[in-house]
Visitor: 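Submitted below is the structure of interest, expressed as structure tokens.
Below, each value reflects all heavy atoms present in this structure, side chains not excepted, and no hydrogens, waters or symmetry copies.
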Amino acid sequence: MPHQLDKTYDPTKHEAKIYQRWEDSGAFKPNPKAKKDPFSIILPPPNANGHIHVGTAMFTIEDIMIRYRRMQGHPALWLPGMDHAGIETQVVYERELAKEGKSRFDFTREQFYNNVMDYTKTNQSIMIAELKSMGFSLDWSRLKFTLDPDITEIVYDTFKRLHDAGYIYRGNRIVNWCPFCRSAFADIEVKYREQLDPLYYIKYGPFVLATVRPETKFGDTAVAVNPKDQRYTKYVGQEIEAESVLGHKFKLKVIADDHVDPEFGTGVVKVTPAHDPNDWEMGLRHNLEVKQAIGTDGRLTGLTGKYAGMPATEARAQIAHDMEERGLMDHIDMNYKHSVGYHDRCGTLIEPLVVEQWWLRVGELKKPAIQAIKSGEIKFVPERFTKAALDWLENLRDWNISRQNWWGMRVPVYYNASGDKSKPEYIIGTEEDAVKTYGKGGYEAETDNFDTWFSSGQWPFATLMATGDFDKGSYPTSVMETGRDILFLWVTRMMMLGLFRTGEVPFRTVYLHGMVTDAHGKKMSKSKGNVINPLEMTGKYGTDALRLALTIGITPGNDGAISEQKIEGYRNFNNKLWNVARFILGQLPEDYLPAEPKLTSPADHWMMAKLNTATRDTTKAIGDYRFSEAGQIIYSLLWDDFADWYLEASKVSPNHDLLIYGLETILKLVHPIAPFVSEAIWSQLPWQKQQLIVTPWPEPATIKTSNKAALEFENLKQVVQATRTVAAEEQLSKPTILTTNDQLIQSAGLIQRLARAGEVKRVEQGSGLYLDTTADAWLQADDKLINARRRRLTGQRNEKAAYLKTLESKLGNTKYVESAPANIVQETRDRRNETAQLLEKLDSQLKTLN
RNA sequence: GGGCAAUUAGCUCAGUUGGUUAGAGCGCUUGAUUCACAUUCAAGAGGCCACAGGUUCGAGUCCUGUAUUGCCCACCA
């Protein structure tokens, strides 16, 4: 019997080897022989621009589902991928460049792209190694990258199909422009921050009006008032003359528009269609000219005279100052609080600008997604996100899918530069197509890239099409598990694009996890210094410890706190499991082979019942996405039941087959959450020829357990615990237990050992300290001891008496007896009887003291 | 402004459709320990389940309202 298990479990000795063995054996690939329905999850592709973080480690949830389904006999596919993550990677890379005092403008666009590609590829291999170290049973043979040629081809094809269906258009509209990235962004990529800014009340001909942005006044093409505002009715439709900060006079139309709030400022607003989304809308309604005062570089344009070339932020103060000098400033409110948009990736102030972009018309596109949610074809865990997703989709406006960044997937468009007006303005396709259409040199390639979410929004079907799994039942995928924070950014878009392209939902269930926070529920951030590095933790405590810490005590959709202390606790759990195995294996005879366990002692029946219940409950919990609960059930099964009671009991008379059966069952149950330690122990079982990862999921045993026998052990436990309590409180050493119960006597040796009792004696009539159990057992005690216990006994007695009273009044309530379910009422009756009996014993005992 | 969470032991959190005297881990107190594990064992203390109403035989759980905290969305000249 090879049972040279170390005294403690050392994860570093096992993990890498085990992972290698799993991968080499092909266990991560969906088993073609598995008979059940395919189960598939697409890994949300991590951004290949750094190391994994605790958020990435949360994909443990997916591994749990995959391992569980694999063991259950489903062909389970977990498909890994890597995201080029467009702007995010570019920003990270540019930060690196900045450290060397460089920027992307020190390179050609092509050089830059190639450098980022190298950077990404390097990071990818780091990332892959780190994902492997987490124990993730991803099928690496199917690894995909968002910029792979086959993926790109599929994304391009979708784009063409969308275009042909009339969902794509190119338009010159106001967009969220980031002057640092020199790119437009979607509304959802703008994060608003509340801040204080001066609110300038400037003189505009006959008006005084409030503005935060005097620097945009060169782009003003009207002044607006509310149509109902009596104060200004006479001006509506007129032209006013005002003085420019540059000295000259100019004229502006006065328009009436409902958007203007008469209560705000003076009720007059300058209208700058080129630099404000609302003004843009007003411009459309009133057919106003669009004059661009700020360029894509964030600097003032030629329109602004001497201010041209000045960054907009600087220009503001300068212009305000100059206006004051010229007497054009009425006053300044320095306490104006409002929220201002910043680019969520690079943190630069967003400049609304009018720039031509590619747009996705969502009006029709979103309908099937809305329908799929409403009909329940796509379910959310937790459920409350259903409404959030619906609301978002219903209010969704056209999506700007083009980006002017340098790192990304190019929009596959070629423009007509042939001078031949009979040819189309642009085509969608390859360069070859462009040559065919426009002739050599007769075209210009689009330089815009796709919004990274436009391509990753196609990830489920694109990856499966590229690997050839699409038609083999892996699509729709079973579950999409990802962070709550990208519900709108990613999940809803996958629904729209997936349904458009395939006619089917991309996934049936969306499971959203919350954010991982520090020990006190605070967001982790470098500046706070509270970041937990998953690799540091797994190195110190083992991967399984981290995985358990990310599973237990964490609720779907809610933030979950994690601390080194918590991880350490689960390291201890793994060590406990290891030592349980060490202990059991150490006592097996040479050449032991397990047989079907026979239940002989009450402890056996009790343990078997516990194992069955836990198996059933764990299975149900995992199936219902209650992973935390599953973890807790197993934790308690191993530690509280198996180790603390059954193993201890087995020391008196071991039942090897049941010990092994219990150990194996626990290893199977815990494997999805703690794969390494369970596999490490499993590999020590010489009769097990296949790896645990591919071993069938346990089912409740068919062997009959006796409730009566199990209950006997439960009684014994209570006697033991009650004895321990008294012994601990009164500092007794080896107390004598008296009992009138023959069954207890049969387990005398066991009780003696577990309770550290001196003797267990059969008596005709009990005396001494009655142990608070349903078994008839007493602790032999002299008057001194009983007197010492008197206060406690009285307390106990009063507690029972009060409880009995509530039970009796409950049963005295006819409404309760009539309307509560029969089994609940019966339970109450049983408890009443038990309590009454107990009370009687306590009373008679107290009487002997008087 | 709209929405969603959360509020339960000192801390971090469970508590599945309403039904035992509300649980866990950590922390704390006391004690133990050659015999699988000090990454251990045993025992203990600690809770008006945020507050106020309501529904019900019965509420931590359902409803209404209030407060505090966090998040999301929209608007802000």
Visitor: For B:A5 versus B:U17, give the span between their P atoms, rounded off to a whole number of Å.
Guide: 14 Å

Visitor: By nearest atom, which of the nucleotides B:G27, B:C13, B:U39 is closest to the A:T555 side chain?
Guide: B:C13

Visitor: A:H338 side chain N/O closer than 4.0 Å to the phosphate oxygens (OP1, OP2) of B:C75?
Guide: no

Visitor: As a test of reading the structure: which of B:U21, B:A36, B:A43 is closest to the side chain of A:N579, going by heavy atoms?
Guide: B:A36

Visitor: How is A:Y570 classified with respect to the nucleic acid when contacts are heavy atoms under 4.0 Å: base, sugar-phosphate, or nothing?
Guide: nothing

Visitor: Scan every strand shown for a Watson-Crick or G-U wobble partner of B:A67, both distances under 3.5 Å, and answer none if you come up empty.
Guide: B:U7

Visitor: How far, in whole Å, is B:U29 from B:A36 if one measures between their P atoms?
Guide: 29 Å

Visitor: Less than 3.5 Å between a donor and an acceptor, one on the side chain of A:E648 and one on the base of B:A36, is that the case here?
Guide: yes

Visitor: In this structure, how many angstroms lie between the P atom of B:A36 and the CG atom of A:L638, rounded?
Guide: 16 Å

Visitor: Expressed in angstrom and rounded to an integer, what is the separation of A:R571 atom CZ from B:C26 atom C1'?
Guide: 14 Å

Visitor: Mapping A:D640 and A:I554 onto RNA chain B by nearest heavy atom, which one lands closer to the 5' end?
Guide: A:I554

Visitor: If you look at every strand shown and take non-hydrogen atoms under 4.0 Å, does A:V271 touch a base, only sugar-phosphate, or nothing?
Guide: nothing

Visitor: Out of B:U20, B:C57, B:A36, which nucleotide sits closest to the side chain of A:N813?
Guide: B:C57

Visitor: Counting only distance, no hydrogens or angles, is the base of B:C37 paired donor-acceptor with the side chain of A:K576 under 3.5 Å?
Guide: yes

Visitor: Whole angstroms only, please: what is the CD1-C1' distance between A:I552 and B:G25?
Guide: 9 Å

Visitor: Find the partner of B:G1: check Watson-Crick (N1-N3 plus N6-O4 or O6-N4) and G-U wobble (N1-O2, O6-N3) distances, both under 3.5 Å, and reply none if neither fits.
Guide: B:C73

Visitor: Under 4.0 Å between any heavy atoms, over every strand shown, what does A:R384 touch: base, sugar-phosphate, or nothing? Just pick one.
Guide: sugar-phosphate

Visitor: Got a donor-acceptor contact below 3.5 angstrom from the A:R571 side chain to the A:K540 backbone?
Guide: no

Visitor: Any chance NZ of A:K528 has more than 12 other-residue heavy atoms, nucleotides or ligands included, within less than 6.0 Å?
Guide: yes

Visitor: Could you tell me the separation between the CE atom of A:M282 and the P atom of B:A77, rounded to a whole number of Å?
Guide: 11 Å

Visitor: Which word best sums up how the rings of A:Y635 and A:Y570 line up, parallel for under 30°, tilted for 30 to 60°, or perpendicular for over 60°?
Guide: perpendicular

Visitor: Can you find a side chain N or O atom of A:T725 that sits less than 4.0 Å from OP1 or OP2 on B:G44?
Guide: yes

Visitor: How far, in whole Å, is B:U55 from B:U64 if one measures between their C1' atoms?
Guide: 11 Å

Visitor: What orientation do A:Y9 and A:W578 show, parallel under 30°, tilted 30 to 60°, or perpendicular over 60°?
Guide: tilted

Visitor: Classify A:N558 by what it touches in the nucleic acid, base, sugar-phosphate, or nothing, heavy-atom distance under 4.0 Å.
Guide: sugar-phosphate

Visitor: Expressed in whole Å, how much space separates the C1' atoms belonging to B:G18 and B:A59?
Guide: 6 Å

Visitor: Kindly indicate whether a cation-pi arrangement holds for A:K576 with A:F642, taking the cut-offs as under 6.0 Å to the six-membered ring centre and within 45° of the axis.
Guide: no

Visitor: Would you say A:R582's side chain and A:D6's backbone share a donor-acceptor pair under 3.5 angstrom?
Guide: yes

Visitor: Determine: side-chain N/O of A:K522 to OP1/OP2 of B:U12, distance under 4.0 Å, yes or no.
Guide: no

Visitor: Does atom CD of A:E394 have more than 12 heavy-atom neighbours from other groups under 6.0 Å away?
Guide: yes

Visitor: Is the ring of A:Y816 stacked on the base of B:G58, with centres less than 5.5 Å apart and planes under 30° off?
Guide: no

Visitor: Can you tell me how far C1' of B:U12 sits from CE of A:M524, to the nearest Å?
Guide: 13 Å

Visitor: For A:R724 and B:A43, is the shortest distance between a side-chain N/O and OP1 or OP2 below 4.0 Å?
Guide: yes

Visitor: Please report the distance separating the C1' of B:C28 from the corresponding atom of B:A67, rounded so that it comes out in whole Å.
Guide: 32 Å

Visitor: For a quick check, tell me whether the side chain of A:K651 and the base of B:A36 share a donor-acceptor pair closer than 3.5 Å.
Guide: yes

Visitor: Any strand counts, and the cut-off is 3.5 Å on both contacts for Watson-Crick or G-U wobble. Which nucleotide pairs with B:U39?
Guide: none

Visitor: Please name the nucleotide paired to B:G27 by Watson-Crick or G-U wobble geometry with both distances under 3.5 Å, or report none.
Guide: none

Visitor: Could you please name the option among B:U12, B:A42, B:U21 that lies closest to any side-chain atom of A:H520?
Guide: B:U12

Visitor: Within the structure shown, what part of the strands sits under 4.0 Å from A:G569 by heavy-atom distance: base, sugar-phosphate, or nothing?
Guide: nothing

Visitor: Taking the minimum atom-to-atom distance to the side chain of A:F488, which one of B:C72, B:U16, B:G3 wins?
Guide: B:C72

Visitor: Once you apply a heavy-atom cut-off of 4.0 Å, does A:A561 come out as touching a base, just sugar-phosphate, or nothing?
Guide: sugar-phosphate

Visitor: Name the residue closer to the 5' end of RNA chain B, choosing between A:E568 and A:E194 according to the nucleotide with the nearest heavy atom.
Guide: A:E568

Visitor: Measuring from the side chain of A:N575 (C-beta onward, heavy atoms only), which nucleotide among B:C72, B:C37, B:A36 has the closest atom?
Guide: B:C37

Visitor: Need the pair for B:U56. Rule: Watson-Crick or G-U wobble, both distances under 3.5 Å, any strand; none if unpaired.
Guide: none

Visitor: Consider the side chain of A:R582, meaning its heavy atoms from C-beta on, and name the nucleotide among B:A36, B:U16, B:C4 that approaches it most closely.
Guide: B:A36

Visitor: Looking only at side-chain atoms of A:E729, point me to the closest of B:A43, B:G31, B:G27.
Guide: B:A43

Visitor: Pick the P atom in B:C41 and in B:U34, then give their distance to the nearest Å.
Guide: 16 Å

Visitor: Taking only side-chain nitrogens and oxygens of A:R831, does any of them come within less than 4.0 Å of OP1 or OP2 of B:U21?
Guide: yes

Visitor: Between B:G25 and B:U39, how far apart are the C1' atoms? Round to whole Å, please.
Guide: 15 Å

Visitor: Classify the nucleic acid contact of A:E827 as base, sugar-phosphate or nothing, counting any heavy atom under 4.0 Å across all strands shown.
Guide: nothing

Visitor: Hey, does A:S819 reach any base, or is it just sugar-phosphate, or nothing, if we go heavy atoms under 4.0 Å?
Guide: base

Visitor: Nearest to the A:T8 side chain among B:U21, B:A36, B:U39, which nucleotide is it?
Guide: B:U39

Visitor: Indicate yes or no for a side-chain donor-acceptor contact from A:D257 to the backbone of A:H259 under 3.5 Å, with no hydrogens or angles considered.
Guide: yes

Visitor: Any donor-acceptor pair under 3.5 Å linking the side chain of A:T211 with the backbone of A:Y200?
Guide: no

Visitor: With sugar-phosphate meaning primed atoms plus P, OP1 and OP2, does A:Y200 contact a base, only sugar-phosphate, or nothing at under 4.0 Å between heavy atoms?
Guide: nothing

Visitor: In whole Å, I'd like the distance from the CD atom of A:E189 to the C1' atom of B:A74.
Guide: 18 Å

Visitor: Find the distance A:N226:CG to B:A77:C1' and express it as a whole number of Å.
Guide: 13 Å

Visitor: Under 4.0 Å, heavy atoms only, any strand: does A:D485 hit a base, just the sugar-phosphate, or nothing?
Guide: nothing

Visitor: In whole Å, I'd like the distance from the CZ atom of A:R193 to the P atom of B:C72.
Guide: 13 Å

Visitor: Heavy atoms from C-beta onward define the side chain here; which of B:A77, B:A6, B:U16 lies closest to that of A:R626?
Guide: B:U16

Visitor: With a 4.0 Å cut-off on heavy atoms, is A:K217 in touch with a base, just the backbone sugar-phosphate, or nothing at all?
Guide: nothing

Visitor: Using the C1' atom on both, measure B:A6 against B:C13 and round to a whole Å.
Guide: 12 Å

Visitor: Does a donor on one side chain sit under 3.5 Å from an acceptor on the other, for A:R831 and A:Y803?
Guide: yes

Visitor: With a non-hydrogen cut-off below 4.0 angstrom, is A:L209 in contact with a base, only sugar-phosphate, or nothing?
Guide: nothing

